[in-house]
Amino acid sequence: MEIKTLTWKEKELVLVDQTKLPVDVEYVACKTLEDVFVAIRDMIVRGAPAIGVSAAYGVAIAAYEITTTEFDLYKTELLSQCDYLNTARPTAVNLSWAVEEMKAVINGYEGQSVAELKALLEKRAIEIHEEDIMINKTIGKNLLSLVKEDNTILTHCNAGALATSEYGTALSVFYVAQEEGVTLHAYADETRPRQQGAKLTAFELYNAGVDVTLITDNMAAEVMKEGKIDAVIVGCDRIASNGDTANKIGTMSVAILAKHFNIPVYIAAPTPTIDMAIESGKDIPIEERDGEEITIINGEYVTAKGVKTYNPSFDVTPAELITAIVTEKGIVRAPFKEGLQAIFK
Ligand SMILES: CSC[C@H]1O[C@H](OP(=O)(O)O)[C@H](O)[C@@H]1O
C-alpha cells in the first residue's frame with residue numbers, strides 16, 4: 001500500500017498522520033491555514049522538505065480562506081498569515097524558505113485581482129511540490145555515486161519519503177539504487193525520543209523491500225566497531241554557510257563515532273535547506289520540545305511524573321565531521337563555504 005506523505009486535492013492539503021504510523025495509516029485534510037500550522041507544530045507532517053512543501057500549500061489555502069475583497073487589505077492579511085505560519089517550528093529552514101517564496105509571489109504581484117493572486121499562489125505551491133520530488137531523486141543519484149554494490153549505510157531519524165514529497169533525501173539513495181538494480185543495506189537508528197527511525201524509516205524501507213536492520217541509538221558505536229557500516233547518510237534541517245549542519249538530535253553523536261571509526265558521513269541536502277545567510281551552526285535555532293516526548297512511551301510514563309527533562313529536538317554537527325554535503329546541484333566537500341557559495345552562483 002503506497003503511503004503519500006502529502007497530496008494537494010481540491011484546494012486541501014491531505015497529510016498522512018505521521019504521529020499514528022506505523023500502527024495506523026490515517027489521513028488528515030487541512031482545510032485552513034490553522035490546520036496546516038497545527039499539523040507542522042504537532043508533527044503530523046514532519047521532515048524539513050515536507051514541512052516546506054506543506055507551508056507553501058498552507059499559504060495557498062490561506063489565500064482561498066481570506067474573504068476580504070479589498071485588495072490591499074487582502075494582501076496585508078495574507079502576509080500576516082504567512083508570518084504566523086512561519087512560527088510553527090523554528091529549526092527546519094525549509095519552512096521559512098517556502099513562506100518567503102510565497103511572500104515573493106504576493107509582493108511581486110503587480111495587479112489588483114484577488115482571484116488572480118490566489119491562482120498564482122496555488123501555482124507556486126504546486127511548483128515547489130514538484131521541484132521537491134525532482135530535487136530528492138537527483139540527490140539520490142548523487143548519493144549513489146558515493147557508495148558501492150552491497151554497501152551498508154547507517155542512517156538516523158527519518159529523511160525518507162515520509163520527510164518529503166517523495167523519495168526522501170538520505171533514503172532516496174535506497175530507492176534510486178532499487179531503480180538502478182544496485183543492492184544496498186540499511187541500519188536505522190531508532191532515534192529517541194520520537195523514534196522516527198523505528199516508526200518511520202524502518203517502516204518505509206521494510207515496506208519498500210529494502211534490507212533494513214533496526215538498532216537502538218546506543219548500538220551505533222558497536223555496529224561501527226564490528227565493521228558493519230560503510231557510510232553514514234543523514235538528512236538535515238538547516239545547513240549554515242560554513243557547512244555546520246543541524247539535524248535530528250543524536251546526529252552529532254553518530255558523526256563523532258563515524259570519525260572515530262573512519263567512516264564517511266554524507267549529508268543529503270536539498271538546496272532549500274541550506275541557509276547561506278548564517279555564518280555557522282551557532283546561528284541555528286534549536287527547537288526544544290515537550291519533555292513528555294521523553295517520559296511517555298506509547299502512552300505510559302516510563303519515569304516519575306515530576307522528573308525534570310531536557311529535550312532539544314536537534315543538534316548541530318560541526319562541518320569538520322562531515323565528509324560531503326550532497327545536494328541536487330552537486331557534491332560539496334570541504335572547504336564548505338566556498339563550495340556552497342559555488343552551487344548558489
Ligand atoms: C529530509 S530531512 C528530515 C529531517 O527532519 C527530521 O526532523 P523532524 O522529524 O523533527 O521533522 C530529522 O531531522 C530529519 O533528518
Side-chain angles (χ1 to χ4, degrees), residues 5-6 15-19 21 39-55 88-98 132-133 135-140 143 153-175 186 188-205 217 232-239 245-255 265-275 281 284-290 293-294 311-317 322 325-328:
T5 304
L6 53 93
L15 300 169
V16 66
D17 183 345
Q18 300 197 33
T19 65
L21 291 176
I40 293 171
R41 183 198 64 195
D42 295 353
M43 297 175 68
I44 288 168
V45 62
R46 33 65 51 202
I51 289 170
V53 175
S54 298
R89 287 185 77 187
T91 303
V93 69
N94 306 59
L95 174 53
S96 51
W97 172 84
D132 181 51
I133 298 169
I135 286 171
N136 299 332
K137 185 164 186 177
T138 306
I139 287 174
L143 285 166
I153 294 153
L154 182 132
T155 191
H156 190 75
C157 196
N158 174 258
L162 288 167
T164 67
S165 305
E166 290 177 25
Y167 275 101
T169 58
L171 301 193
S172 65
V173 71
F174 296 104
Y175 302 129
D189 277 351
E190 173 193 10
T191 317
R192 286 278 291 150
R194 290 291 297 247
Q195 300 176 294
Q196 290 93 324
K199 295 183 174 182
L200 304 177
T201 292
F203 170 68
E204 72 167 84
L205 290 178
D217 301 330
V232 168
I233 301 180
V234 294
C236 56
D237 292 83
R238 191 184 300 237
I239 297 180
T245 296
N247 195 50
K248 185 50 48 194
I249 189 75
T251 303
M252 178 174 51
S253 312
V254 167
V265 175
Y266 300 123
I267 306 290
T271 48
T273 317
I274 300 170
D275 187 353
I284 299 176
I286 299 298
E287 178 185 18
E288 258 192 76
R289 293 187 66 90
D290 192 311
E293 291 187 347
I294 302 172
N311 186 18
S313 195
F314 300 91
D315 60 23
V316 175
T317 298
I322 295 170
I325 294 172
V326 184
T327 79
E328 72 281 10

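Quantities reported herein were computed from a predicted structural model and do not represent experimental measurements. Order of listing sets the numbers, starting from 1, for every ligand and every atom in it.
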In terms of atom number and element, which parts of ligand 1 are under 4.0 angstrom from non-hydrogen atoms of [X]?
X: Ala163; result: 1 (C), 3 (C)
X: Pro49; result: 1 (C), 2 (S)
X: Ala48; result: 3 (C), 5 (O)
X: Arg89; result: 8 (P), 10 (O), 11 (O)

Check Arg238 with Asp275, please: is the shortest side-chain N to carboxylate O separation under 4.0 Å?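 Looking at Arg238 together with Asp275, the answer is yes, because their closest N to O distance falls below 4.0 Å.
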
Nitrogen or oxygen atoms of [X] and ligand 1 under 3.5 Å apart:
X: Lys248; result: yes
X: Gly47; result: yes
X: Gln196; result: yes

Nearest-neighbour protein heavy atom for [atom], which is reported as residue plus atom name and distance:
atom: atom 2 (S) of ligand 1; answer: Cys236 O, 3.4 Å
atom: atom 5 (O) of ligand 1; answer: Asp237 OD2, 3.1 Å
atom: atom 6 (C) of ligand 1; answer: Arg46 NH2, 3.7 Å
atom: atom 1 (C) of ligand 1; answer: Thr169 OG1, 3.2 Å
atom: atom 12 (C) of ligand 1; answer: Cys157 SG, 3.3 Å
atom: atom 15 (O) of ligand 1; answer: Asn247 OD1, 2.5 Å

Given Asp189, which of Gln196, His156, Gln195 fulfils the side-chain hydrogen bond (donor to acceptor under 3.5 Å, both in side chains) condition?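 Option passing the side-chain hydrogen bond (donor to acceptor under 3.5 Å, both in side chains) with Asp189: His156.
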
Against Glu328, only a single residue in Thr271, Thr138, Thr169 fulfils side-chain hydrogen bond (donor to acceptor under 3.5 Å, both in side chains); can you say which? Thr271

Closest approach of Thr5 and Ala50, non-hydrogen atoms and distance? CG2-CB, 4.2 Å

Under a 4.0 Å heavy-atom limit, does Met43 contact ligand 1 with its side chain, its backbone, both, or neither?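 For Met43, only side-chain atoms sit under 4.0 Å from ligand 1.
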
Backbone, side chain, both or neither: what part of Ala170 comes under 4.0 angstrom of ligand 1, heavy atoms only?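 The answer is neither.
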
Would you say the side-chain atoms of Asp17 and Thr19 include a donor-acceptor pair closer than 3.5 Å? yes

Asn158: which residues meet the side chain to side chain donor-acceptor pair (under 3.5 Å) condition with it, sequence neighbours left out? Arg46, Thr201, Glu204

Pick from Thr251, Thr155, Thr245, Asn158: the one approaching atom 3 (C) of ligand 1 most closely through a non-hydrogen atom: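 Going through Thr251, Thr155, Thr245, Asn158 one by one, Asn158 has the nearest heavy atom to atom 3 (C) of ligand 1.
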
Ignoring hydrogens and angles, tell me if any N or O in the side chain of Thr273 forms a donor-acceptor pair with the backbone of Ala269 under 3.5 Å.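 Side chain of Thr273 to backbone of Ala269, a donor-acceptor pair under 3.5 Å: no, none is there.
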
I'd like to know if the side chain of Thr155 and the backbone of Ile233 have a donor-acceptor N/O pair within less than 3.5 Å.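 Side chain of Thr155 to backbone of Ile233: a pair is present.
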
Looking at residues at least two apart in the chain, or sitting in another chain, which of them share a salt bridge (Lys or Arg N to Asp or Glu O under 4.0 Å) with Arg89?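 Expected list: Glu287.
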
So Asn136 and Glu166, do their side chains get closer than 4.5 Å, heavy atoms only? no

